[in-house]
Amino acid sequence: MNPFDLTVSVVASGVKSGQFSCDEIAETFAQRVEKLHPVLNTHLYWDRSNIAKQTSMQQNRIAAEKDIMPLAGVPVVIKDNICTAGLPTTCASKILAGYKPPYSATVVDRLVKAGAIIFGKVNMDEFAMGSSNENSAFGAVKNPWDLRRVPGGSSGASAASVAAGLAPAALGSDTGGSIRQPASFCGVVGLKPTYGAVSRYGLVAFASSLDQIGPITNTVRDSSMLFDALCGFDPLDSTSSKTKCELTANRLDQINIKKIKIGVIKELFSDGLDPQVKDRIDQAVKAFENAGAEVRWISLPHLKYSISTYYILATAEASSNLARYDGVVFGHRTSKKTDSLTEMYRQSRSEGFGAEVKRRIMLGTFVLSSGYYDAFYGKAEKLRHMISRDFSDAFEKVDFLLSPTAPTTAFKLNEKITDPLAMYLSDIGTIAANLAGIPAISLPCGFDSNNLPIGLQLTGPKFSEACLLQGANWYEQQTEWHRKHPAL
Amino acid sequence: MSFKVDQNVIGHVAKLANLSLSSEEADALEGQLGRIFAHIEEITKITAATNENVYSDGILAAHEREDVPSPSLAAEIAISQAPAKIGTAFQVPRIIDLEG
C-alpha cells in the first residue's frame with residue numbers, strides 16, 4: 001500500500017469498515033520507519049512489540065466501540081516532550097536520557113481512546129528550544145525534501161515523519177512556531193490551537209503561558225480529525241479552557257468563500273522575505289480574491305517587537321521550568337564527586353543541558369533578576385498585551401489573517417547554528433500567535449526553485465479553529481500541493 | 001538603560017541559574033548574549049508600554065478548582081526514577097554539618 005494514500009481519514013474509515021486491519025496499516029508504516037529513520041534520524045524510541053500490542057488492543061475494540069474510535073488504527077508519532085507512561089521521554093536531552101514517565105499526557109490518552117496507535121517517540125530540538133532540530137542531544141534530523149537541509153524545529157522530526165510517509169500524523173508542540181515552521185519547511189499541515197484548547201497535562205513545560213500541543217498531518221481534513229480528538233477541557237491542566245470545543249471535521253466544507261474577509265499582515269512582507277516565498281503567498285492571496293473573498297492589508301503595529309518580547313518571556317518561563325532538572329528526583333546526576341548539594345546541582349545541569357538550553361536559561365535568569373525584572377520582563381508582559389490587542393483590533397475587521405509562515409524555505413544544516421540571534425529572528429512569522437494565544441495553521445502553498453516547500457499561514461481569533469480549518473481546507477482543495485511528496 | 005554583558009554578568013547569572021560553565025562556554029556566551037541583548041534591549045525604551053494594564057482582560061486571572069482530595073502518585077513510583085535513593089527517600093550529598 002502507498003503510505004501517502006493512507007491519510008488519517010482513509011485509515012480510520014478503512015479500519016472501521018474492515019477494508020484493512022490495524023496490523024496491515026502498522027506494517028506498511030513500520031517498514032517505512034525502519035527504512036528511512038537511519039537516513040532522517042527521526043525516531044528516539046521505536047519498539048515493534050509495543051506497536052503489536054497496541055494494534056491487537058485497538059483491533060479488538062472495533063466491533064463494539066468503532067463509533068467512539070474516530071482515529072481507529074491511525075499511527076501517530078509523538079514528539080519526545082510529550083509523556084508516554086513507561087516509554088522513554090527525553091525531550092532530546094542528555095539530562096532526561098532513559099527517563100520513563102509514570103503517566104501519559106492527556107493528549108496521548110485521548111488519542112488511544114480514539115483508536116490511534118502510538119507510533120514511536122520522535123526527535124526534536126532539546127526541550128523544544130530551537131528552529132532547526134539541530135539542538136538535539138541525539139543528532140540533527142534531516143529534511144526529507146533535501147537531506148542537506150533542516151526540517152525546521154523544534155518539532156522537526158514530527159514534521160519530517162509525516163512528510164516522508166513514516167506515519168499519517170504526528171503530535172508536535174508549538175511555543176513560538178515549533179509546529180508551524182517545520183510544517184512549512186517540510187510541506188505538510190501544522191496547526192497550533194488556541195492556548196487552552198488542548199490540554200498541556202503531560203507536556204514537558206518550556207514556557208507555560210505559550211506552549212500548545214497540536215497535530216501535523218498531510219491534509220487539512222486529517223488535521224481537523226486530530227484536533228477534534230484532542231481538544232476540550234481537562235481538569236488536570238489548570239490552564240485548560242472551559243470554552244466548549246466546537247468540532248471541526250464534520251463541517252470542513254461549510255464555507256462560503258465570498259463572505260470571508262481576509263487580512264494580509266503588512267509587517268510580514270518586509271525586506272527579509274525571500275522573493276520566491278513572497279511570490280507563492282501572492283498567488284495564494286489571488287486565489288482567495290479570485291474566488292470572491294474580500295482581501296485587504298492589515299497592520300499589526302507592535303509586531304516588530306514580538307521577537308524581543310517572546311525571547312524575554314519564553315526564556316524567563318523556561319529558566320523557572322527547567323530549574324527542576326537538578327539530578328535529585330529524576331534524570332542525569334553527575335558522577336563527579338561534589339562538595340555540596342549546590343555543586344551537585346550545577347555539575348549535573350551543566351553536563352546534562354546542551355548549549356542552546358543553557359543560553360536560554362541564562363537569558364531568562366537575567367531578565368528576571370533583581371534590577372532588571374521591571375525593565376525587561378515587566379515591559380515584555382505589557383508589550384505582549386499590546387500585541388494581543390493588535391490582533392483583537394484586526395479581527396474586528398477580518399475573519400482571519402494570511403501571511404507567510406516563515407520568511408525563507410528550509411536552510412542548510414549548520415548554516416545558522418553558530419548565530420543564535422539569526423536563528424531567533426527567523427521566527428518573526430510565527431511568534432506573535434503564541435503571544436496572543438490565538439490559533440494558527442500552516443499549509444503548503446508551493447515550492448521554490450530548489451523544490452523546497454513554502455508554507456502559507458492562516459491565523460484566527462481565539463477558538464476559531466472551525467473557521468480557520470474551513471479556510472485552509474478551501475485553499476487546499478484549489479491546489480495540488482498536498483499531493484506532492486519527497487522522492488525517498 | 002544600556003549595559004554590557006561581561007564575564008562578571010555571566011558569572012553572576014550562571015550562579016543564579018545553577019550552571020557551572022567552562023571558560024570556553026563563558027566566553028562564547030558573553031558574545032552571543034551581548035548580541036541578543038543589543039537586540040532585545042529595544043523594548044526597555046518603549047515608553048508607550050509603561051502604563052499598559054496587563055490585568056484588564058482576565059488573561060492572567062488564576063483558575064480555581066474545588067479543594068477535593070484525590071489519589072496522588074505512590075511513593076515507590078515517585079522514587080523509581082531517582083539517580084540515588086534510600087528506601088523512599090531521595091539520596092543527596094550531605095547538607096547539614098553534624099558537628100556544627
Side-chain angles (χ1 to χ4, degrees), chain A residues 98-103 209 235 238-240 305 307-309 311-312 319 323 326-333 338-350 353 355 358-359 361-367 369 372 375-376 379-386 388 419-421 424-425 437, chain B residues 1 3 5 9-10 12-22 25 28-29 32-57 59-60 62-66 70 73-74 77-85 90-95:
Chain A
Y99 173 68
K100 293 182 183 175
Y103 67 100
S209 78
S238 66
T239 61
S240 177
Y305 303 121
I307 300 257
S308 301
T309 302
Y311 277 100
I312 289 168
S319 73
D326 56 12
V328 174
V329 176
F330 48 68
H332 171 76
R333 180 187 290 195
T338 50
D339 293 330
S340 68
L341 184 60
T342 307
E343 190 52 36
M344 187 200 83
Y345 293 159
R346 290 187 181 145
Q347 200 57 42
S348 301
R349 288 160 63 78
S350 302
F353 289 138
K358 286 181 190 171
R359 191 160 34 243
I361 289 173
M362 291 284 287
L363 184 48
T365 303
F366 183 87
V367 302
S369 65
Y372 296 101
F376 283 100
K379 191 62 74 77
E381 271 204 311
K382 293 178 181 189
L383 268 165
R384 178 180 188 172
H385 206 252
M386 293 166 81
S388 295
D419 188 353
L421 182 60
Y424 298 169
L425 292 174
Chain B
M1 151 188 302
F3 66 95
V5 177
V9 169
I10 296 292
H12 171 64
V13 175
K15 196 172 166 186
L16 291 176
N18 274 326
L19 289 172
S20 177
L21 302 173
S22 67
E25 284 176 320
L29 278 167
Q32 291 160 2
L33 290 179
R35 281 192 293 282
I36 292 167
F37 271 108
H39 184 84
I40 69 175
E41 206 183 359
E42 62 173 356
I43 75 155
T44 63
K45 303 176 174 93
I46 300 168
T47 52
T50 305
N51 297 320
E52 187 73 13
N53 179 1
V54 300
Y55 299 103
S56 62
D57 52 13
I59 290 172
L60 295 179
H63 292 238
E64 296 184 344
R65 61 174 173 85
E66 293 299 316
S70 59
L73 209 57
I77 296 175
I79 200 123
S80 63
Q81 306 275 317
K85 51 188 180 257
F90 299 101
Q91 186 181 27
V92 297
R94 175 174 292 171
I95 56 175

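Reminder, nothing fancy here: chain letters follow the sequence lines and each chain counts from 1.
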Highest number of heavy-atom pairs under 4.5 Å with chain B: which of [options]?
| options | result |
| --- | --- |
| A:Val329, A:Thr365, A:Leu421, A:Asp419 | A:Val329 |
| A:Thr309, A:Val367, A:Thr239, A:Leu363 | A:Leu363 |
| A:Lys358, A:Gln347, A:His332 | A:Lys358 |

What closest approach, in Å, do [X] and [Y] show between heavy atoms, and which atom pair accounts for it?
| X | Y | value |
| --- | --- | --- |
| A:Ser308 | B:Glu42 | OG-OE2, 2.7 Å |
| B:Leu19 | A:Arg346 | N-CG, 4.0 Å |
| B:Ile43 | A:Phe376 | CD1-O, 3.8 Å |
| A:Gly331 | B:Pro83 | O-CG, 3.3 Å |

Margin query: Going by side chain to side chain donor-acceptor pair (under 3.5 Å), name the residues that satisfy it together with A:Lys100, two or more places apart in sequence or in a different chain.
Written below: none
Next item on the list: Check whether more than 12 heavy atoms from other residues, nucleotides or ligands sit under 6.0 Å from atom NZ of B:Lys15, and answer yes or no.
Entry: no
Would you call [X] and [Y] a side-chain contact if the rule is heavy atoms closer than 4.5 Å?
| X | Y | answer |
| --- | --- | --- |
| A:Phe366 | B:Val5 | no |
| B:Ile46 | A:Met386 | no |
| B:Ile36 | A:Tyr311 | no |

Margin query: Less than 4.5 Å to any heavy atom of chain A: does that hold for the side chain of B:Ala28, its backbone, both, or neither?
Written below: neither
Margin query: For B:Glu25, which atoms come within 4.5 Å of any heavy atom of chain A: side chain, backbone, both, or neither?
Written below: side chain
Notebook entry, point to check: Between atom OG of A:Ser350 and atom CG of B:Leu21, what is the distance when rounded to the nearest 0.5 Å?
Noted result: 6.0 Å
Item checked: Reported CZ-to-CG distance for the pair A:Arg359 and B:Leu33, which is rounded to 0.5 angstrom -> 7.5 Å
Notebook entry, point to check: Does the A:Arg349 side chain pair with the main chain of B:Ala17, one donor and one acceptor, at a distance under 3.5 Å?
Noted result: yes
Check: Top residue by heavy-atom pair count (under 4.5 Å) with chain A, among B:Ile77, B:Val92, B:Leu73?
Finding: B:Val92
Notebook entry, point to check: Taking B:Asn18, B:Ile79, B:Leu16 one by one, which has the highest count of heavy-atom pairs under 4.5 Å against chain A?
Noted result: B:Asn18
Residue part contacting chain B, namely of [X], when any heavy atom lies under 4.5 Å:
| X | result |
| --- | --- |
| A:Tyr103 | neither |
| A:Ala380 | both |
| A:Ser319 | neither |

Item checked: Non-neighbouring partners of B:Pro93 that pass side chain to side chain contact (heavy atoms under 4.5 Å, CB included), sequence neighbours left out -> A:Thr338, A:Leu341, A:Met344
